[in-house]
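Reviewing the structure listed below.
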Amino acid sequence: VMTMNIMIDRLCKGKKLDEACKLFESLRAKGCTPDSVTYSSLIDGLGRQGRIDEAYKLFEKMLDKGHAPNAVVYTSLIKNFFKCGRKDDGHKIFKDMIRRGCKPDLTLYNIYMDCVLREGDINKGREIFEEMKQYGYAPDVRTYSILMHGLIKAGEARETYKLYYAMKERGCELDTHAYNITIHGFCKSGQVNKAYQLLEEMRLKGYPPTVVSYGAVIDGLAKIDRLDEAYMLFEEAKSKGIVLNVVVYSSLIDGFGKVGRIDEAYLIIEEMMQKGLNPNVYTWNCLLDALVKAEEINE
RNA sequence: UUAGUGCAAAGGAU
């Protein structure tokens, strides 16, 4: 059965879902009885492809066959219902799980909280965060990352500071993702200097800043018109061998444009194209804004 | 970890 489970999982992940279904159907004939892992794999595979109703039907079949549902399969259902925009069904699954006496685990809480936050429901997100702690689950680095990210997107970047220190106090080590999100949060809450310092902290902790880390700080500096510093950091990143991408170039172009330093904006777009990077619609938008701004100044 | 998380172009730009 385990071999079959591995095959089914691989087929699902390889987007060969129909083959996975066929294999599943043929298990009986091969003398294999699907177990809860078999069901979970396929339920998740269906859900990922947006075939959530089929996933749910298979879940019901799994119950009929006497397999006790666990947190893994519930997580998959919740996540995929939310992803399909059916948050009510997602919430319903969570309640159903509790009603059946199945205990959520940390992963389930993390995902459930993420789903709710992505819906913009930060109060419910906070509620879940508190609930998991009440039930004795220690939030991990992902929990904090998810919460921070959700709050920042909802315009509550002010909480970055508090959460960052909460992580430190609880001995929760930040990883690259967590640092990048924290940097973003500091930039969005008027603490760019703090964000800048985190680049150094990343190096010290063994998580060297990535293009995203640099990009976030460069953007943060550019947004508050500290373009010379943004440019220095941009050069620094290049000197460290970081391959800068369209997003970072666009940030700088936008920044220079906003303060009327249009020549520099042009130089940057030129450099970008020389490196074989294609400006995208955002990039052109930044430049367009700059030109409009320059026009206004002329008048 | 044989199945579910912060990467479905996700995290940073307009």
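Lettering follows sequence order; numbering is per chain, from 1.
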request  = May I ask you to list the residues of residues 218-235 of chain A, by number, that have any heavy atom positioned under 4.0 Å from an atom of RNA chain B?
outcome  = A:D219, A:K223

key: Neighbours of RNA chain B within residues 45-69 of chain A, by heavy-atom distance under 4.0 Å   = A:R48

message = Walk me through whether A:T143 and A:D140 qualify under side-chain hydrogen bond (donor to acceptor under 3.5 Å, both in side chains).
response = CA-CA 5 Å; A:T143 314; A:D140 65 2; 2.7 Å; yes

task = Figure out the CZ/C1' separation between A:R118 and B:G11, and round it to whole Å.
result = 10 Å

ask   = Does A:N70 get its side chain close enough to the base of B:A3, under 3.5 Å, for a donor-acceptor pair?
value = yes

Sugar-phosphate only, base, or nothing, as touched by A:N280 at under 4.0 Å among non-hydrogen atoms = base

request  = Tell me what A:S40 touches on the nucleic acid: a base, only sugar-phosphate, or nothing, going by heavy atoms under 4.0 Å.
outcome  = base

inquiry  = To the closest 0.5 Å, what do you measure between CG (A:N280) and OG (A:S250)?
reply    = 5.5 Å

remark   = Quick note, A:D289 side chain, CB onward, closest among B:A3, B:G12, B:U14 is B:U14

query = Looking at RNA chain B, which of residues 125-132 of chain A put a heavy atom within less than 4.0 Å of it?
reply = none

message = Mind checking if A:S145 touches a base, just sugar-phosphate, or nothing, with heavy atoms under 4.0 Å?
response = base

key: Nucleotide nearest A:I111 (side chain, heavy atoms from C-beta), chosen from B:G6, B:U5, B:G12   = B:U5

Worked check of side-chain hydrogen bond (donor to acceptor under 3.5 Å, both in side chains) between A:E131 and A:Y135 = CA-CA 6 Å; A:E131 183 182 315; A:Y135 283 101; 5.1 Å; no

ask   = Reckon A:K13 has a side-chain N or O less than 4.0 Å from the OP1 or OP2 of B:G4?
value = yes

ask   = Please, which pairs that meet ring pair (Phe, Tyr, Trp, His ring centres under 6.0 Å) have at least one residue in residues 253-289 of chain A, sequence neighbours excluded?
value = none

task = Report yes if some heavy atom in the side chain of A:M272 is under 4.5 Å from a heavy atom in the side chain of A:L252; otherwise report no.
result = no

message = How long is the straight-line distance from OH of A:Y109 back to CD1 of A:I128, given to the nearest 0.5 Å?
response = 8.5 Å

request  = Write out all pairs satisfying ring pair (Phe, Tyr, Trp, His ring centres under 6.0 Å) with one or both partners inside residues 175-210 of chain A, taking only residues at least two apart or from two chains.
outcome  = A:Y164-A:F186

request  = Have a look at A:V248 and say if it touches a base, only the backbone sugar-phosphate, or nothing, with a 4.0 Å heavy-atom cut-off.
outcome  = base

query = For A:K15 and B:A8, what is the distance between atoms NZ and C1' respectively, to the nearest whole Å?
reply = 8 Å

task = Check whether any side-chain N or O of A:K153 sits under 4.0 Å from OP1 or OP2 of B:G12, and answer yes or no.
result = yes

ask   = If you check the A:D44 side chain, which of B:U2, B:G4, B:G12 turns out closest?
value = B:G4

For A:N5, all residues meeting side chain to side chain donor-acceptor pair (under 3.5 Å), sequence neighbours excluded = A:D35, A:T38

inquiry  = What contact category does A:K188 fall into here, base, sugar-phosphate, or nothing, at under 4.0 angstrom with non-hydrogen atoms?
reply    = sugar-phosphate

task = State whether A:D53 and A:K57 are salt-bridged, where the test is any N-O pair (Lys NZ or Arg NE/NH1/NH2 against Asp/Glu carboxylate O) under 4.0 Å.
result = no

ask   = Salt-bridged, A:K79 to A:D44, with N to O below 4.0 Å?
value = yes

message = Over all strands shown, is A:L108 touching base, sugar-phosphate only, or nothing at heavy-atom distances under 4.0 angstrom?
response = base

query = What is the distance, rounded to the nearest whole Å, between atom CG of A:L147 and atom C1' of B:U5?
reply = 14 Å

inquiry  = Nearest to the A:A178 side chain among B:G6, B:G11, B:U2, which nucleotide is it?
reply    = B:G6

query = Of the nucleotides B:U2, B:G12, B:U5, which one has an atom closest to the side chain of A:V37?
reply = B:U2

ask   = Atom NZ of A:K258 and atom P of B:A13: how far apart are they, to the nearest Å?
value = 12 Å

ask   = Atom CG of A:L199 to atom P of B:G11: distance rounded to whole Å?
value = 19 Å

Sugar-phosphate, base or nothing in reach of A:H149, heavy atoms under 4.0 Å = sugar-phosphate

query = Can you find a side chain N or O atom of A:H177 that sits less than 4.0 Å from OP1 or OP2 on B:G6?
reply = no

note = Which of B:A3, B:G11, B:A8 is nearest the side chain of A:T210? It is B:G11

query = Which part of the nucleic acid, if any, lies within reach of A:S76 when heavy atoms closer than 4.0 Å are counted: base, sugar-phosphate only, or nothing?
reply = sugar-phosphate

ask   = Just checking A:V211: base, sugar-phosphate only, or nothing, at a heavy-atom cut-off of under 4.0 Å?
value = base

Length of the line joining A:K79:NZ and B:U5:P, which is rounded to integer Å = 3 Å

query = Nearest to the side chain of A:Y282 - B:G12, B:G6, B:A13?
reply = B:A13

task = Would you mind classifying the nucleic acid contact of A:N110 as base, sugar-phosphate or nothing, using non-hydrogen atoms under 4.0 angstrom?
result = base

message = As a test of reading the structure: which of B:G11, B:U2, B:G6 is closest to the side chain of A:I6, going by heavy atoms?
response = B:U2

inquiry  = Heavy-atom count check: over 12 atoms from other residues, nucleotides or ligands less than 6.0 Å from A:R10 CZ?
reply    = no

inquiry  = Students often mix this up, so state it plainly: with edges at 30° and 60°, are the rings of A:F24 and A:Y39 parallel, tilted or perpendicular?
reply    = perpendicular

Interatomic distance, A:L17 CG vs B:A3 C1' [rounded to whole Å] = 14 Å

message = In whole Å, I'd like the distance from the CG atom of A:D35 to the P atom of B:G4.
response = 14 Å

